[in-house]
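Each chain gets a letter, A, B and so on, in the order its sequence line appears, and its residues count up from 1. As the structure is a prediction and not an experimental result, all values here were calculated from the model. Note that these values count all heavy atoms, side chains included, but never hydrogens, waters or copies made by symmetry.
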Amino acid sequence: MGIDKDREISGKSPNGSEERGERGLDFVRQIVVEDMQSGRWGGRVATRFPPEPNGYLHIGHAKSICLNYGIAAEFGGQFNLRFDDTNPEKEEQEYVDSIIEDVRWLGADWDDRLFYASDYFQQMYEWAVELIRKGKAYVCDLTGDQVREYRGTLTQPGRESPYRNRTIDENLELFARMCQGEFPDGAKTLRAKIDMAHPNLNMRDPIMYRILHETHHRQGDQWCIYPMYDWAHGFEDSLEGITHSICTLEFENHRPLYDWFIDAVNEGRTDDGSGPWGKKIHHPQQIEFARLSLAYTVMSKRKLLKLVKEGFVRGWDDPRMPTISGLRRRGYSPAAMWSFAKLIGVNKFNSTVDITLLEHCLREDLNQTSPRVMAVLRPLKVIIDNYPQGQVEELDAVNNPEDPAAGTRKVPFSRELYLEQEDFMENPPKKFFRLAPGREVRLRYAYFITCTDVIKDAQGNVVELHCLYDPATRGGDAPDGRKVKATLHWLSAPHARPAEVRLYDNLFTKPDPEDVPEGQEFTANLNPNSLEVLADCYVEPSVAEVAPLTRYQFERLGYFCVDPDSTADKLVFNRTVTLKDTWAKIQQSQQQG
RNA sequence: UGGGGAAUAGUGUAAUGGUAGCACAAAUGACUCUGGAUCAUUUAGUCAAGGUUCGAAUCCUUGUUCCCCAGCCA
């Protein structure tokens, strides 16, 4: 899976100043280094990636996975994969399966530590009872609307619930009955008794449990009360011995609660377990970092779900989606994702990353690893008039100039060829080096050819070219040393295999899809041209039978990847990313004047 | 207008009291059997104003801007 390489890419300090240790490290790793030096966790590092299985993972999650797994790998620690499945209303097995596949594909290794928060429900229940006994939690009968009303506002303190001072025995009994299913959804909650005037709204008697008569994807109907995130999450980390609980910035306001709940359980507990409440439980440190934003796409699960549900894309793994499965289908490699994660770093402020950074990481990896092959996307038939009818030659082509070990292959050449339509212009502008009437170019690995005649249809479209080849230039070199300005890719028409090629562009037309007129939604910025299907393409015969997700570079065009829609009869490719295209830039500036 | 965070070239990110550096992007040139790749050069930055200091992106003060929080979601 190339994990060693991935690790190498992701590891160590960004500046290569490894001898300095903490210099140049992101702030999370600096904390880890300090903890290692101080022995805070006994030299132990344990991280986790805790997705809720209510959607597919996206590249923002990849950033988190690379951070968490990267830290564990670099410091000799452990990395857990844990499903935070505390809300049966939104969670599904399909999402669990896709998440496992995606994390594994990225190369993060959780060994045998695949956990589910729902497996901790019994322990959490017992701790909740303990909090009631300690007078720190109570059963509340307020309705949802009332809870909101009593909570107060950002600037005004809340009011205490009239149920706040129930006796411990009454609370114990009611909570047990909640758990036994005696009350309908929403009738009662268990709340922490903290401070209704707290300036942090999260501390105004937060709800620990709600009643939900819902079948859980894993626990079935065993429970009808479900823990809230704030109550559950710290304990999940605690039970797994997590040292650094890394999450995104919006949970910063929740950290006081994370700490409060663990402290509340630990109150009265001792290090050696003596005393009525037993032994103290582990108290991890929560650290928050900024989530990733990418230009020209959206990253929230809600919006991605909308794109899928309303058919704006073909599914979670549509190659235009920023999901891990979408990027994989598009042709991204784990190595590219890792180097991207390293490049963007980790910080505490929101930033929007330019897609050119992502594409740079992609090209950097694909250039090293992708076998080259010739393909023609928009074919233009070319007849070599002086090439013997019926003759076929097998010419040597290099598989990967960046990797001599990749070897060579044979490419058939014949009298009838396909060239790329855009490689010919009848009236070439300045700086157009490719084929034009009377002009000589090289066909890669083959011959020099000169264009002698242009055939057009009734509408004046160029439909066929006639050329002469120079037999002395076989292989692509002229014995007399004459030069040509261009080298073109080509295919022997009788040998070429038909293929469908899907070209992709940004899903949205604006860097910030949220930038919409008053009253409109982000979908108003969807790019109508994000997908272009070319049905009549051709590829080299050497790419006859290939597995889905196999990557190639189509010479001079870009990186392409076999789509799972591909069959033996019909090859289908996705364009992962184009090659850098100097001519396109020149053309653009020429058009702009 | 309560509380919690954060501001470094167009973008991302280093510098942790001592020459503001790197990558991407952009521009120019070299080389090239991919107008690819590679190499070289250039443009461009500390939110603002004060203060401390021999010396401030870094420390202090004041201000500005941005993000998060009023789900029985996570």
Side-chain angles (χ1 to χ4, degrees), chain A residues 13-17 22-26 30 50-52 54 84 86-87 89-90 140 142-144 147-149 151-158 185-191 198-204 206-212 226 228-230 232-233 247-256 288 290 295 301-302 343-361 363-364 367-368 372 374 398 401-402 431-434 442-446 475-477 483-489 511 553-558 578-586:
Chain A
S13 57
N15 297 346
S17 56
E22 50 274 72
R23 280 178 81 86
L25 289 181
D26 62 66
Q30 281 179 34
E52 183 190 12
N54 67 345
D84 202 3
T86 58
N87 183 359
E89 287 180 324
K90 298 183 183 173
C140 181
L142 255 27
T143 65
V147 168
R148 192 180 318 125
E149 197 187 316
R151 184 156 35 223
T153 68
L154 293 177
T155 49
Q156 292 173 329
D185 286 5
K188 291 184 180 352
T189 56
L190 183 72
R191 301 177 69 178
H198 199 108
N200 181 344
L201 264 34
N202 295 128
M203 300 297 273
R204 319 246 258 232
I207 290 168
M208 297 160 63
Y209 280 94
R210 76 280 212 185
I211 299 172
L212 233 43
Y226 288 91
M228 298 288 290
Y229 169 86
D230 287 309
H233 203 85
C247 61
T248 44
L249 243 33
E250 67 270 25
F251 292 103
E252 217 157 14
N253 294 327
H254 294 248
R255 181 161 19 103
E288 311 85 13
K301 279 193 200 171
R302 204 204 95 237
L343 189 69
I344 60 176
V346 180
N347 247 315
K348 280 185 84 84
F349 45 89
N350 299 308
S351 55
T352 302
V353 177
D354 208 305
I355 31 172
T356 58
L357 282 179
L358 215 207
E359 292 184 342
H360 164 75
C361 295
R363 290 192 181 103
E364 193 177 45
N367 177 46
Q368 298 298 319
R372 318 278 130 131
M374 289 194 282
V398 174
E402 304 294 327
K431 295 190 178 172
F432 181 86
F433 303 149
R434 282 109 97 141
R442 169 170 38 234
L443 297 184
R444 180 141 232 230
Y445 302 125
D477 287 306
K483 303 280 187 203
V484 287
K485 293 272 269 185
T487 300
L488 309 184
H489 60 277
Q553 184 198 100
F554 290 175
E555 294 223 25
R556 304 208 307 134
L557 296 174
T578 62
L579 254 18
K580 282 203 240 167
D581 191 345
T582 308
W583 167 238
K585 264 186 214 166
I586 294 170

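- Whole-Å rounding puts the A/Asn347 CG to B/rU11 C1' distance at 14 Å.
- Nucleotides B/rU28 and B/rU43 place their C1' atoms 11 Å apart, quoted to the nearest Å.
- Nucleotide B/rU32 holds its P atom 14 Å from the CZ atom of A/Phe433, rounded to whole Å.
- Between A/Gln368 and A/Glu364, every side-chain heavy-atom pair lies at or beyond the 4.5 Å cut-off.
- For the pair A/Glu364 CD and B/rG36 P, the computed distance is 17 Å after rounding to whole Å.
- The gap from the C1' atom of B/rU16 to that of B/rA56 amounts to 12 Å, rounded to the nearest Å.
- Checking side-chain atoms of A/Arg204 against main-chain N and O of A/His198 turns up a donor-acceptor pair under 3.5 Å.
- Donor-acceptor pairing under 3.5 Å, judged by distance alone, is absent between the side chain of A/Arg363 and the base of B/rG36.
- The distance from atom CZ of A/Phe349 to atom C1' of B/rA14 is 11 Å, rounded to the nearest whole Å.
- Taking 4.0 angstrom as the limit, A/Arg255 places none of its side-chain polar atoms (N or O) nearer than this to OP1 or OP2 of B/rG4.
- Side-chain contact between A/Gln553 and A/Arg363: absent, with no pair of heavy atoms (C-beta onward) separated by less than 4.5 Å.
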With B for base contact, S for sugar-phosphate-only contact and - for none (protein heavy atoms under 4.0 Å), nucleotides 68-74 of chain B reads BBBSBBB

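- OP1 or OP2 of B/rU13 lies within a sub-4.0 Å distance of a side-chain N or O belonging to A/Ser351.
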Using a cutoff of under 3.5 Å, can you pull out all pairs of nitrogen or oxygen atoms linking the protein to nucleotides 26-29 of chain B, with atom names and distances?
{"residue": "B/rA26", "atom": "OP1", "partner": "A/Lys585", "partner atom": "NZ", "Å": "3.3"}
{"residue": "B/rA26", "atom": "OP2", "partner": "A/Lys585", "partner atom": "NZ", "Å": "3.4"}

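- Among the protein residues, A/Phe432 comes within range of the nucleic acid bases, having at least one heavy atom under 4.0 Å from a base atom.
- Atom CG in A/Asp26 sits about 17 Å away from atom P in B/rG12, given to the nearest Å.
- B/rA44 and B/rU13 have their C1' atoms separated by 16 Å, with the value rounded to a whole Å.
- Residues A/Lys188 and A/Ile211 form a side-chain contact, since some pair of their non-hydrogen atoms from C-beta on lies under 4.5 Å apart.
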Let's go through A/Glu252 and A/Lys348 carefully: what are the C-alpha distance in whole Å and the side-chain angles of both, what is the deciding distance for salt bridge (Lys or Arg N to Asp or Glu O under 4.0 Å) to 0.1 Å, and is it a yes or a no?
CA-CA 10 Å; A/Glu252 217 157 14; A/Lys348 280 185 84 84; 2.8 Å; yes

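- Looking at heavy-atom distances under 4.0 Å, A/Glu402 makes contact with a base.
- Rounded to the nearest Å, the gap between the C1' atom of B/rC47 and that of B/rU42 is 27 Å.
- Side-chain contact between A/Asn87 and A/Leu212 is present, with heavy atoms from C-beta onward closer than 4.5 Å.
- Taking a pair as Watson-Crick or G-U wobble with both distances under 3.5 Å, the runs of three or more consecutive pairs in RNA chain B are B:2-7 with B:64-69, B:10-13 with B:21-24, B:26-30 with B:38-42, B:47-51 with B:59-63.
- Rounded to the nearest Å, the gap between the C1' atom of B/rG50 and that of B/rC68 is 30 Å.
- Between the side chain of A/Asn347 and the backbone N or O of A/Phe349, no donor-acceptor pair lies under 3.5 Å.
- In this structure, the side chains of A/Glu149 and A/Leu142 stay at 4.5 Å or more apart for every pair of heavy atoms.
- Annotation: side chain of A/Pro256 is in contact with side chain of A/Met203 (closest heavy-atom distance under 4.5 Å).
- If you measure from atom CD of A/Glu252 to atom P of B/rG5, you get 6 Å, rounded to the nearest angstrom.
- Rounded to a whole angstrom, the distance from the P atom of B/rA26 to that of B/rU65 is 34 Å.
- A donor-acceptor pair under 3.5 Å is formed between the side chain of A/Gln30 and the backbone N or O of A/Leu25.
- Counting non-hydrogen atoms under 4.0 angstrom, A/Arg434 reaches a base of the nucleic acid.
- Of all the heavy atoms in A/Arg191 and A/Met208, the pair that sits closest is C-SD, 3.7 Å.
- With a 4.5 Å cut-off on side-chain heavy atoms, A/Glu89 and A/Tyr226 do not count as touching.
- The closest donor-acceptor contact from the side chain of A/Arg151 to the backbone of A/Asn202 lies at 3.5 Å or more, if one exists at all.
- B/rG55 sits 14 Å from B/rG18 when the P atoms are compared, rounded to a whole Å.
- Under the 90° criterion around 0 for the glycosidic angle, B/rG12 counts as anti.
- Counting non-hydrogen atoms under 4.0 angstrom, A/Leu443 reaches nothing in the nucleic acid.
- Put simply, OH on A/Tyr445 is 8 Å from P on B/rU34, counting in whole angstrom units.
- Nucleotides B/rG63 and B/rA7 have their C1' atoms positioned 14 Å apart, rounded to a whole Å.
- Rounded to an integer number of Å, the gap from CG of A/Leu357 to C1' of B/rA23 is 8 Å.
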